[in-house]
There are 2 protein chains.
Amino acid sequence: MMQVHRKREAGEEQRVPKQVDYEERRLRIAEAVCALIARSGMEAVSLRDVAAEADVSMGAVQRCFRTKEDMLLFALEHISQRVSERATQRIAATSTPQSASTLLSHTLAELALLDEESRAGAHVWLAFVSHAPASERLAAVLRETYGKLHDLVVWLIRYGQDTQEIPPHLDAAQEAHTLLAVADGLTVHVLAGHQSAETASAVLQRHVDRLVQ
Amino acid sequence: MMQVHRKREAGEEQRVPKQVDYEERRLRIAEAVCALIARSGMEAVSLRDVAAEADVSMGAVQRCFRTKEDMLLFALEHISQRVSERATQRIAATSTPQSASTLLSHTLAELALLDEESRAGAHVWLAFVSHAPASERLAAVLRETYGKLHDLVVWLIRYGQDTQEIPPHLDAAQEAHTLLAVADGLTVHVLAGHQSAETASAVLQRHVDRLVQ
DNA sequence: GCGGTTATGATGCAAGTGCATCGGAAAAGA
DNA sequence: TCTTTTCCGATGCACTTGCATCATAACCGC
């Protein structure tokens with residue numbers, strides 16, 4: 001504990017400083033893991049390749065993470081957090097109150113990871129889902145994240161019901177499940193090349209539209 | 001070609017017969033691959049483990065498939081075919097004409113791989129989707145299968161429109177995309193432990209119900 | 001029967017894996 | 001300035017991987 005970051009106080013002369021920011025390094029490695037997964041799948045992730053991708057030595061990777069599984073777990077937590085964060089920010093950032101409909105569709109589009117720069121995230125996410133049965137710890141993170149996202153969508157639906165955009169007789173939890181399922185399914189379809197991102201977001205939009213009627 | 005199965009005509013005395021049914025062996029190996037993927041993920045699939053799981057020698061595996069990727073490809077084609085087959089059979093097997101609604105929900109439940117014995121299939125399918133970017137050949141199979149499934153659902157929807165169960169103004173292709181997305185999304189959710197198979201099929205059922213109104 | 005053909009399972013091999021170890025360099029304390 | 005402590009990155013190691021090779025064993029037409 002008490003991990004103070006003392007790095008780079010003085011003028012580090014072109015050499016990497018001795019004491020490095022661990023948190024930053026971890027994130028950097030997590031990004032490298034995601035890039036590798038997105039490029040060649042999860043089974044292509046080796047400590048060496050990760051180190052090379054993150055442009056650090058293998059020893060540094062091992063220092064940051066005790067085992068490979070720890071590293072993968074951190075990477076998953078990283079992108080989980082980023083996804084939830086982005087979604088909630090999208091909501092909180094709207095200074096002018098928007099309609100529940102647009103809020104919903106924007107949030108879900110965010111969650112479906114349809115835009116190009118989220119493609120990698122989609123890959124990583126799916127890779128972890130399909131790897132989950134092999135690691136209970138990964139599975140736990142996935143469950144937790146899904147739980148949070150579900151709660152978020154439920155909240156949005158209830159908000160829509162409060163503003164009378166969404167029929168009050170609908171079961172918010174059920175609708176949230178369906179919406180999340182559509183989003184995830186579209187993610188899969190885009191990733192599998194069955195749909196383009198454009199048609200996918202159109203499908204999503206239409207589904208939300210039908211909900212608000 | 002002209003691969004006649006002459007195996008096991010005489011009384012094979014406890015020793016494996018010399019000429020073996022290749023097709024059967026391939027299938028057996030494919031099953032072993034699926035079992036391994038379902039149990040421990042795709043990166044746990046090694047030729048040795050597959051051979052052990054299928055209870056054949058490693059040489060036999062190498063004889064059946066020139067490379068590991070060929071093996072995986074065959075396994076994917078195998079389960080793809082099984083999934084489509086099961087779905088179409090579900091439709092064709094109904095001697096008494098059923099309502100489009102029940103046909104749709106049954107077919108989609110089949111495609112969502114929700115029942116317990118399809119769990120492994122779901123795993124395998126998802127593993128391949130997340131592995132697809134690393135192998136164009138796998139991706140091609142996925143696209144083709146998704147295309148077929150999409151056509152199937154479109155056909156069902158049009159059928160429902162013919163029988164006036166489904167409003168004629170709906171775009172069958174679009175609805176099919178949504179339905180498939182819901183099915184796949186639910187597959188993901190069940191696999192990730194976010195939903196139980198029961199709630200998932202309830203969600204699916206409700207979605208179909210709303211379609212037919 | 002019997003050579004010829006073919007399938008078989010064991011073994012070899014180079015490359016790659018995750019992880020442990022270690023010499024030495026930088027920071028801290030005197 | 002000199003020890004001490006911390007920490008980094010390279011190397012080593014035991015193991016697994018996918019694939020190639022090979023002697024052997026079973027079937028075939030003759």
Side-chain angles (χ1 to χ4, degrees), chain A residues 1-26 28-29 32-33 36 40-75 131 134-135, chain B residues 2-26 28-29 32-33 36-37 40-75 131 134-135:
Chain A
M1 277 307 126
M2 193 52 194
Q3 176 131 13
V4 187
H5 303 161
R6 292 207 197 92
K7 59 143 192 177
R8 283 177 227 179
E9 306 187 56
E12 63 195 48
E13 61 284 326
Q14 82 166 357
R15 211 76 188 100
V16 294
K18 218 40 194 185
Q19 190 119 346
V20 96
D21 187 337
Y22 272 77
E23 211 50 41
E24 176 197 316
R25 175 110 83 182
R26 269 199 234 270
R28 184 178 179 153
I29 292 174
V33 170
L36 278 177
S40 341
M42 187 142 209
E43 51 270 22
V45 174
S46 74
L47 294 190
R48 282 165 182 80
D49 291 350
V50 168
E53 177 81 23
D55 201 38
V56 297
S57 79
M58 228 183 83
V61 177
Q62 295 188 77
R63 171 160 305 279
C64 281
F65 302 104
R66 220 171 48 77
T67 71
K68 183 184 180 181
E69 196 190 353
D70 283 352
M71 182 181 72
L72 294 177
L73 193 65
F74 182 86
H131 187 65
S135 163
Chain B
M2 194 52 194
Q3 176 132 9
V4 189
H5 305 163
R6 292 207 195 94
K7 57 146 195 177
R8 284 176 227 181
E9 306 187 58
E12 64 194 48
E13 60 283 326
Q14 82 166 3
R15 212 79 187 98
V16 295
K18 216 47 198 182
Q19 190 120 347
V20 95
D21 185 338
Y22 272 76
E23 212 49 43
E24 177 196 316
R25 175 110 89 186
R26 271 200 233 270
R28 183 174 178 159
I29 292 174
V33 170
L36 278 177
I37 292 181
S40 338
M42 188 136 199
E43 52 270 23
V45 174
S46 74
L47 294 189
R48 283 165 179 81
D49 292 351
V50 168
E53 177 81 23
D55 201 37
V56 298
S57 79
M58 227 183 82
V61 177
Q62 295 188 78
R63 171 162 306 281
C64 281
F65 303 104
R66 218 173 50 77
T67 72
K68 184 185 179 181
E69 196 189 354
D70 284 352
M71 182 182 73
L72 293 178
L73 193 65
F74 182 86
H131 186 64
S135 164

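These numbers come from the heavy atoms of this one structure, side chains and all, not from hydrogens, waters or symmetry mates.
- To the nearest 0.5 Å, the span separating CD on B:Glu24 from CD1 on B:Ile29 amounts to 10.5 Å.
- In this structure, A:Gln62 has no side chain to side chain donor-acceptor pair (under 3.5 Å) partners at least two apart in sequence or on a different chain.
- The residue A:Val45 sits close only to the backbone: its heavy atoms come under 4.0 Å of sugar-phosphate atoms, none of a base.
- Shortest non-hydrogen contact noted between B:Arg25 and B:Cys64 is CG-SG, 3.4 Å.
- If you take CD1 of A:Ile29 and P of D:dC8, they are 11 Å apart, rounded to a whole angstrom.
- At the phosphate of C:dT6, neither OP1 nor OP2 sits under 4.0 Å from any side-chain N or O atom of B:Tyr22.
- Residue pairs satisfying the ring pair (Phe, Tyr, Trp, His ring centres under 6.0 Å) criterion with at least one member in residues 44-64 of chain B, sequence neighbours excluded, are absent.
- With rounding to whole Å, A:Glu69 atom CD is found 14 Å from C:dC19 atom C1'.
- Following rounding to the nearest Å, A:Phe65 (CZ) and C:dT17 (C1') show an atom-to-atom distance of 19 Å.
- No option in B:Met42, B:Met71, B:Arg28 other than B:Met71 meets the side-chain contact (heavy atoms from CB on, under 4.5 Å) test with B:Val33.
- Remark: C1' of D:dT17 and CE of B:Met71 are 12 Å apart, rounded to the nearest angstrom.
- For the atom pair CG of A:Asp70 and OG1 of A:Thr67, the computed distance is 3.5 Å after rounding to the nearest 0.5 Å.
- Contacts between residues 46-56 of chain B and DNA chain D, defined by a heavy-atom separation under 4.0 Å, are made by B:Ser46, B:Leu47, B:Arg48, B:Asp49.
- Across every non-hydrogen atom of B:Val45 and B:Lys68, the tightest pair is O-NZ, 2.8 Å.
- The distance from atom CG of A:Asp70 to atom C1' of C:dG18 is 13 Å, rounded to the nearest whole Å.
- Screening residues 43-52 of chain A for salt bridge (charged side-chain N to carboxylate O under 4.0 Å, His left out) gives no qualifying pairs among residues at least two apart or on separate chains.
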Pairs under 3.5 angstrom only: tabulate donor-acceptor contacts from the side chains of residues 51-61 of chain B to other protein residues two or more places apart or in another chain.
residue : atom : partner : partner atom : Å
B:Glu53 : OE1  : B:Arg39 : NH1          : 3.4
B:Glu53 : OE1  : B:Arg39 : NH2          : 3.0
B:Glu53 : OE2  : B:Arg39 : NH2          : 3.1
B:Ser57 : OG   : B:Gly59 : N            : 3.3
B:Ser57 : OG   : B:Ala60 : N            : 3.2

Protein N or O to nucleotides 20-22 of chain C N or O, pairs below 3.5 Å:
residue : atom : partner : partner atom : Å
C:dA20  : N7   : A:Gln62 : OE1          : 3.3
C:dA20  : N6   : A:Gln62 : NE2          : 3.0

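- Regarding B:Leu73, its CG atom lies at a distance of 17 Å from the C1' atom of D:dG18, rounded to whole Å.
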